There are 2 protein chains.
Amino acid sequence: MFNPLAAKLSSFTDLADGDVAALDALLGAPVTGLAHSDVIREGDRPEQVILLLRGWACRYKVLEDGSRQIVAYLVPGDLCDPHVFILDAMDHSIGLLTDATLAFISREAIVHLTDCCPKIARALWWSTLVDEAVLRHWLVNLGQREAFDRVAHLFCETWDRMRQVGLDAGDALEVPLTQEQLGDTMALTTVHTNRVIQRMRAEGLISVTRKMIRVHDIERLRAMCGYDPTYLHLRRRA
Amino acid sequence: MFNPLAAKLSSFTDLADGDVAALDALLGAPVTGLAHSDVIREGDRPEQVILLLRGWACRYKVLEDGSRQIVAYLVPGDLCDPHVFILDAMDHSIGLLTDATLAFISREAIVHLTDCCPKIARALWWSTLVDEAVLRHWLVNLGQREAFDRVAHLFCETWDRMRQVGLDAGDALEVPLTQEQLGDTMALTTVHTNRVIQRMRAEGLISVTRKMIRVHDIERLRAMCGYDPTYLHLRRRA
DNA sequence: CGCTTCATTGACCCAAATCAATCTACGTGG
DNA sequence: CCACGTAGATTGATTTGGGTCAATGAAGCG
């Protein structure tokens with residue numbers, strides 16, 4: 001079975017056969033979830049860690065006034081917080097953006113994995129540090145860039161992340177998000193998100209169908225928004 | 001000597017005498033730095049980790065157009081990235097916001113510390129996870145809250161963080177930042193930051209002198225902006 | 001085929017940015 | 001000890017990116 005976590009960690013380090021086997025052992029009994037359902041809710045004390053195998057999920061918070069901010073995307077290969085058990089309770093929720101397949105991994109399995117395989121432990125560390133770097137980058141995005149560049153940056157980043165796990169659709173990137181979800185990510189209203197998307201479409205950068213945005217001209221998009229992927233700390237390019 | 005790192009980690013777990021001694025051993029030969037100087041620059045490959053003992057520092061990024069976004073504050077007791085060595089190069093800079101005292105800690109000392117003292121290793125983990133939670137919270141702040149509430153939230157968070165290391169100035173909080181620095185943090189112009197500060201002053205919440213903001217009525221500020229410190233994962237309140 | 005979820009468009013509004021001075025502590029050299 | 005330079009704070013006038021409100025399409029689905 002295709003193991004996106006192994007693919008992702010391989011982009012940081014060479015994994016031995018034993019390491020890959022250990023990662024494959026995590027995949028037993030995958031679970032299917034529906035778009036819009038929550039995997040973990042704010043306030044929960046998770047006893048397991050989730051590994052996303054198919055589909056997209058996000059971390060998000062909802063404010064008193066009902067507004068929502070998505071603070072991270074999870075794509076196949078993303079493991080949420082291997083060390084979450086140290087904290088008392090979740091300070092945010094994780095929800096599915098599309099239908100998805102998940103593996104639930106017990107606390108013990110994580111401990112065992114990091115104890116046995118130092119390479120994997122180190123690679124998980126790397127992954128955690130990259131997640132933090134992405135958060136910082138998103139903060140810069142929201143704080144300093146205008147709407148068009150915000151969305152463009154998100155697409156560029158996502159393209160690199162999908163490539164990392166071998167999930168690029170040829171020359172294009174498929175973003176299975178509604179414009180509302182995109183807006184909740186980039187802190188824009190649906191209306192304004194739509195106008196940005198229109199503009200990208202008019203420029204021939206992307207094409208849009210219901211619930212799916214296809215990014216064709218990633219090169220030009222990169223040039224337009226001044227994208228620099230250093231912060232993703234990719235080691236080995238395909 | 002007062003060890004703010006020990007104070008901070010104590011707010012997560014009980015440290016044994018040996019743990020405290022190990023932390024104290026890190027403090028040798030502190031260095032003084034001037035406001036506006038950089039401790040680490042984007043692109044550097046740090047061979048040491050810094051521990052802030054006195055003063056304020058920040059993580060930040062500068063864009064092509066010269067605009068700057070501060071993405072985190074470091075206050076006394078904050079240790080930057082104990083595992084930074086895993087990454088290739090810094091993706092952001094760390095600069096001093098005020099005159100400060102620092103301890104530089106070698107890679108070996110960190111490795112030794114975490115190998116010897118599992119309690120400290122765990123507490124450092126906790127600290128890293130909290131840093132990430134703070135980043136998520138800042139993202140929500142920038143994305144969903146208006147200027148006044150953004151600044152109010154920052155003050156409330158900072159109040160809790162200073163208390164955690166025993167650095168509260170009685171009932172008040174002293175923020176030694178210029179309005180430009182505050183603006184670079186909350187993604188506001190100096191002009192607008194000033195108007196927010198004026199409003200807080202008119203409300204009797206804070207008082208201002210050159211380069212120093214004093215927050216008096218933290219209770220009312222909390223109530224006004226709906227502050228909830230759950231995300232800081234403080235375990236034991238004073 | 002009528003609902004519901006998404007996408008789209010137009011008219012109007014506002015929080016915050018921009019532009020442009022002015023003011024006020026300090027700190028410094030003479 | 002004081003004139004002057006400079007970083008930081010303040011204020012006013014004007015502009016604007018993006019929000020709000022309100023409909024209207026359009027695709028999928030039970």
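Atom set for the values below is all heavy atoms of this structure, side chains included, hydrogens, waters and symmetry mates excluded. Per chain, numbering begins at 1; letters A, B, ... match sequence-line order. Note that the structure is a prediction, hence the values are computed from the model and not measured.
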Hey, could you give me the CE/CG distance between B:M212 and B:L177, rounded to the nearest 0.5 Å? 9.0 Å

Divergence of helical axes at both termini of the helix from C:dC1-D:dG30 to C:dG30-D:dC1 - five pairs an end, 10° steps: 40°

Which residues in residues 182-200 of chain A have at least one heavy atom lying under 4.0 Å from any atom of DNA chain C? A:V191, A:N194, A:R195, A:Q198

Separation of B:Q69 CD from B:L63 CG (nearest 0.5 Å): 8.5 Å

Report, one pair per line, the protein and nucleotides 2-6 of chain C atoms (nitrogen or oxygen only) whose separation is under 3.5 Å.
unit_1	atom_1	unit_2	atom_2	d
C:dT5	O2	A:R210	NH2	2.9
C:dC6	O4'	A:R210	NH1	3.2

Without placing hydrogens or testing angles, list every side-chain donor-acceptor pair under 3.5 Å for residues 222-232 of chain B, not counting sequence neighbours.
unit_1	atom_1	unit_2	atom_2	d
B:R222	NH1	B:E219	OE2	3.1
B:Y227	OH	B:D160	OD2	2.8
B:D228	OD1	B:T230	N	3.0
B:D228	OD1	B:T230	OG1	2.5
B:D228	OD2	B:T230	OG1	3.2
B:Y231	OH	B:H137	ND1	3.3
B:Y231	OH	B:E157	OE1	2.6

Please determine, by modelled atom types, if B:H216 and B:D171 share a side-chain donor-acceptor pair under 3.5 angstrom. no

Among all residues two or more places apart in sequence or in another chain, which pass the side-chain contact (heavy atoms from CB on, under 4.5 Å) test with B:N3? B:L5, B:A6, B:L23, B:D24, B:L27

Rounded to the nearest 0.5 Å, how far does CD of A:E180 lie from OG1 of A:T189? 11.0 Å

Do any of residues 136-159 of chain A sit with a heavy atom less than 4.0 Å from DNA chain D, and if so which? A:E146, A:A147

Listed partners of A:R210 passing salt bridge (charged side-chain N to carboxylate O under 4.0 Å, His left out), at least two apart: none

Quick one: how far along DNA chain D does chain B reach, first to last nucleotide 5' to 3', anything under 4.0 Å to a heavy atom? D:dA7 to D:dA13

Give every residue pair that meets the salt bridge (Lys or Arg N to Asp or Glu O under 4.0 Å) criterion with at least one member in residues 51-63 of chain A, sequence neighbours excluded. A:R59-A:D81

Which residue, A:T185, A:L188, A:L182, forms the side-chain contact (heavy atoms from CB on, under 4.5 Å) with A:R150? A:L188

Verify, without hydrogens or angle tests, whether A:S93 (side chain) and A:E42 (backbone) share a donor-acceptor contact under 3.5 angstrom. yes

Salt bridge flag under 4.0 Å for residues A:E132 and A:R136: yes

Can you measure B:L34 atom CG to C:dG27 atom P for me and round it to whole angstrom units? 14 Å

Those residues at least two apart in sequence (or on a different chain) that pass side-chain hydrogen bond (donor to acceptor under 3.5 Å, both in side chains) with A:R161 are A:D78

Only pairs under 3.5 Å count here: list side-chain donor-acceptor contacts from residues 43-52 of chain B, not counting sequence neighbours, and write none if there are none.
unit_1	atom_1	unit_2	atom_2	d
B:D44	OD2	B:R41	N	2.9
B:R45	NH1	B:D88	O	3.1
B:E47	OE1	B:R107	NH1	3.4

So A:D99 and A:T32, do their side chains get closer than 4.5 Å, heavy atoms only? no

Pair listing, ring pair (Phe, Tyr, Trp, His ring centres under 6.0 Å) test, anchored in residues 33-62 of chain B, at least two apart: B:W56-B:Y73

